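Just the heavy atoms: all of them, side chains too, but no hydrogens, waters or symmetry mates, feed the values below. From a predicted model like this one, the values you see are computed outputs, not experimental measurements.
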Amino acid sequence: MFFRAALALIFCAALASFAYAFWLVLSPEGHNWSVDIPVERQLPRTQDQAAAPADPAPRTEAPAADAPAPAADPAPQSSAPAATPPAVSAPAVSAPTVALPAVEGERPITLSLPIACEPGVDCWVVNYVDLDPGPGRQDYRCGEMSYDGHKGTDIGLANDRRVEENVPVLAAAAGKVIGTRDGEEDLGTAGIEAAKAAGKECGNGVRIDHGDGWATQYCHMRKGSVIVHPGQEVSAGDALGAVGLSGMTQFPHVHLSVVRGSEVVDPFRGVLEGGESCGLGRQPLWDDKALASLAAIKAPTLLDIAFFDRVPDSDRAAAGEAAMTSLPPDAGAIVVWFRAVGVQPGDTGRLTLFAPDGTAVADDTHTFDKTQSAVFRAVGLKNTSARFPDGFTRGDWTGRAVLTRNGQVTGERTVKVSVPTGG
């Protein structure tokens with residue numbers, strides 16, 4: 001009898017806790033309601049040593065043993081903003097810029113951007129080469145935007161839906177295609193174990209020989225998108241295929257590996273020894289344009305922001321299926337959410353919801369207390385007859401997300417949703 005009573009108490013406590021968490025998001029009062037859903041969109045560490053497409057490629061001119069196989073990948077100023085929403089339409093975002101030190105000498109190989117996007121606007125570096133020789137992880141800035149054994153640079157898109165846009169993957173430098181694979185399904189998370197078991201962690205990919213021992217490899221392309229073949233000569237910027245979700249990946253991106261012989265090279269550091277231990281190397285391999293745009297991306301990194309009529313499941317948001325540009329006046333709730341990557345303890349994320357008259361009706365600032373590869377947060381307002389007898393106020397509602405580290409803004413964006421008149 002005592003055991004049954006104890007179980008009942010535990011169940012009631014759990015139910016009450018769930019109900020309270022939901023109320024925090026959709027309380028009608030309009031202050032500080034948020035839900036923090038950490039999203040571990042990162043692969044198990046057993047993948048870190050997995051082979052990418054150089055060796056399992058179905059068409060190749062060189063034996064697999066001749067080329068090292070970089071591992072596949074896993075898995076997104078001023079002080080806080082004032083309460084007045086911006087006048088610009090959403091999403092409002094501009095490419096970041098950064099002052100760069102002079103590159104020493106002539107690069108042994110010069111790499112252009114391997115994806116047709118604008119870094120910091122519609123694509124972001126999600127993972128860097130792991131420079132920690134031990135079981136830990138360290139990116140070139142001495143941060144943790146990597147994972148143990150990661151051998152490439154992951155440049156990702158905001159959500160899975162962008163795969164349908166066939167965003168081109170581009171050759172980073174001129175060379176000769178020596179390996180390709182196509183035909184693997186774009187399964188994302190659902191295909192991880194099968195890809196690992198089949199030795200096809202890279203999914204659909206391309207490998208290019210640039211001479212003098214240099215090679216690059218491009219992973220996770222969309223099924224049916226690879227348009228080059230072994231033996232083909234390509235120039236920097238030539239299309240190779242499109243970003244997809246094939247192989248061992250949980251988000252749409254291109255994984256670029258750079259090798260010299262058997263050595264994995266971080267394109268943000270290069271091969272020259274010396275220089276600062278944290279930050280860009282003396283001779284980064286990126287060309288000036290790519291380096292300026294990629295180095296300007298700071299962590300934590302804001303990937304996506306949108307409105308929805310309820311608190312969406314974080315996986316649905318990542319899939320690009322939780323964004324609305326208009327809401328009916330009788331919608332159950334009005335919720336703005338964001339996704340970010342590269343969070344460390346002490347980082348902050350602020351979400352503010354503005355009514356059409358510019359009043360901040362929900363405002364929450366969260367300080368993160370642990371390192372997280374990805375996070376999802378949301379704030380919102382419940383549609384109650386007491387507060388909105390005629391439904392939500394007509395007009396444009398604005399949401400703003402701001403990320404900071406050490407008091408400096410690393411990401412800021414606004415988004416709007418319209419509640420039309422006559423509804």
Hey, what do you get for [atom1] ([X]) to [atom2] ([Y]), rounding to the nearest 0.5 Å?
X	Y	atom1	atom2	value
Leu285	Leu291	CG	CG	10.0 Å
Thr189	Leu245	OG1	CG	8.0 Å
Leu187	Met248	CG	CE	13.0 Å
Thr359	Phe354	OG1	CZ	9.5 Å
Ile305	Glu412	CD1	CD	10.0 Å
Asp132	Glu144	CG	CD	9.5 Å

For [X] against [Y], the heavy-atom pair lying closest together:
X	Y	answer
Ala242	Val169	C-CG2, 3.8 Å
Trp214	Pro108	CZ2-CG, 3.7 Å
Leu111	Ala173	CD2-CB, 4.1 Å
Gly152	Ser257	CA-OG, 4.1 Å
Val254	Pro114	CG1-O, 4.3 Å
Leu302	Leu403	N-CD1, 3.6 Å

Are side-chain N/O atoms of Thr398 and Lys416 paired as donor and acceptor at under 3.5 Å?
->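 Side-chain D/A pair, Thr398 to Lys416: present.
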Residues Asp363 and Thr352: side-chain donor-acceptor under 3.5 angstrom = yes
Pairs where residues 273-286 contributes a residue and the test side-chain hydrogen bond (donor to acceptor under 3.5 Å, both in side chains) is met, not counting sequence neighbours = Glu104-Arg282
Is Asp347 paired with Arg405 through a side-chain N to carboxylate O contact shorter than 4.0 Å?
-> yes
Thinking salt bridges, do Lys223 and Glu184 make one under a 4.0 Å N-O criterion?
->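 Result for this pair is no, no salt bridge flagged.
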Less than 4.5 Å apart, any side-chain heavy atom of [X] and any of [Y]?
X	Y	answer
Pro328	Val419	no
Leu170	Leu113	no
Arg387	Lys382	no
Ile155	Pro119	no
Thr325	Val417	no

Under the side-chain hydrogen bond (donor to acceptor under 3.5 Å, both in side chains) test, which residues partner [X], sequence neighbours left out?
X	value
Asn159	Asp304
Arg107	Asp288
Gln344	none
Asp266	none

Do [X] side-chain atoms and [Y] backbone N/O form a donor-acceptor pair below 3.5 Å?
X	Y	value
Thr410	Pro300	yes
Asp238	Ala171	no
Asp122	Ala158	no
Thr249	Phe251	yes
Asp130	Ser146	no
His210	Ala174	yes
Arg181	Asn204	no
Thr367	Gly346	no
Lys151	Gly149	yes

Per the disulfide (SG to SG under 2.5 Å) rule, what does the pair list look like for [range], sequence neighbours excluded?
range	result
residues 103-137	Cys117-Cys123
residues 265-351	Cys142-Cys278
residues 305-395	none

Before giving the answer on side-chain contact (heavy atoms from CB on, under 4.5 Å), spell out for Leu131 and Val129 the whole-Å C-alpha distance, their side-chain angles and the decisive distance to 0.1 Å.
-> CA-CA 6 Å; Leu131 299 177; Val129 173; 4.0 Å; yes
Of all residues at least two apart in sequence or in a different chain, which pass the ring pair (Phe, Tyr, Trp, His ring centres under 6.0 Å) check with Phe392?
->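 Testing Phe392 for ring pair (Phe, Tyr, Trp, His ring centres under 6.0 Å), a comparison that skips the adjacent residues, returns Phe388, Trp397.
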Please list, chain by chain and in numerical order, all residues satisfying ring pair (Phe, Tyr, Trp, His ring centres under 6.0 Å) with Tyr128, sequence neighbours excluded.
->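 For Tyr128 the ring pair (Phe, Tyr, Trp, His ring centres under 6.0 Å) partners, ignoring immediate neighbours, are Tyr140, Phe268.
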Would you sort out whether Leu353 and Ile334 count as a side-chain contact (heavy atoms from CB on, under 4.5 Å), showing the intermediate values?
-> CA-CA 9 Å; Leu353 173 63; Ile334 186 166; 4.1 Å; yes
Going through the distances and angles, do His366 and Thr348 end up as a side-chain hydrogen bond (donor to acceptor under 3.5 Å, both in side chains)?
-> CA-CA 5 Å; His366 180 79; Thr348 67; over 6 Å; no
Check against ring pair (Phe, Tyr, Trp, His ring centres under 6.0 Å), Trp337 and Phe308 = CA-CA 8 Å; Trp337 56 264; Phe308 208 48; 8.1 Å; no
Check against side-chain hydrogen bond (donor to acceptor under 3.5 Å, both in side chains), His255 and Asp154 | CA-CA 4 Å; His255 168 98; Asp154 297 340; 2.8 Å; yes
Does the side-chain hydrogen bond (donor to acceptor under 3.5 Å, both in side chains) test come out yes or no for Asn166 and Arg222, once each step is laid out?
-> CA-CA 8 Å; Asn166 288 313; Arg222 190 177 189 185; 2.8 Å; yes
Val336 vs Val379, side-chain contact (heavy atoms from CB on, under 4.5 Å): CA-CA, chis, key distance, verdict | CA-CA 6 Å; Val336 61; Val379 297; 3.6 Å; yes
Steps toward side-chain contact (heavy atoms from CB on, under 4.5 Å) verdict (Tyr218, Ile208) = CA-CA 9 Å; Tyr218 311 76; Ile208 300 174; 3.7 Å; yes
Mind checking salt bridge (Lys or Arg N to Asp or Glu O under 4.0 Å) for Arg269 and listing every partner two or more places apart, or none if nothing turns up?
-> none
Residues in salt bridge (Lys or Arg N to Asp or Glu O under 4.0 Å) with Glu165, at least two apart?
->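 Testing Glu165 for salt bridge (Lys or Arg N to Asp or Glu O under 4.0 Å), a comparison that skips the adjacent residues, returns Arg162.
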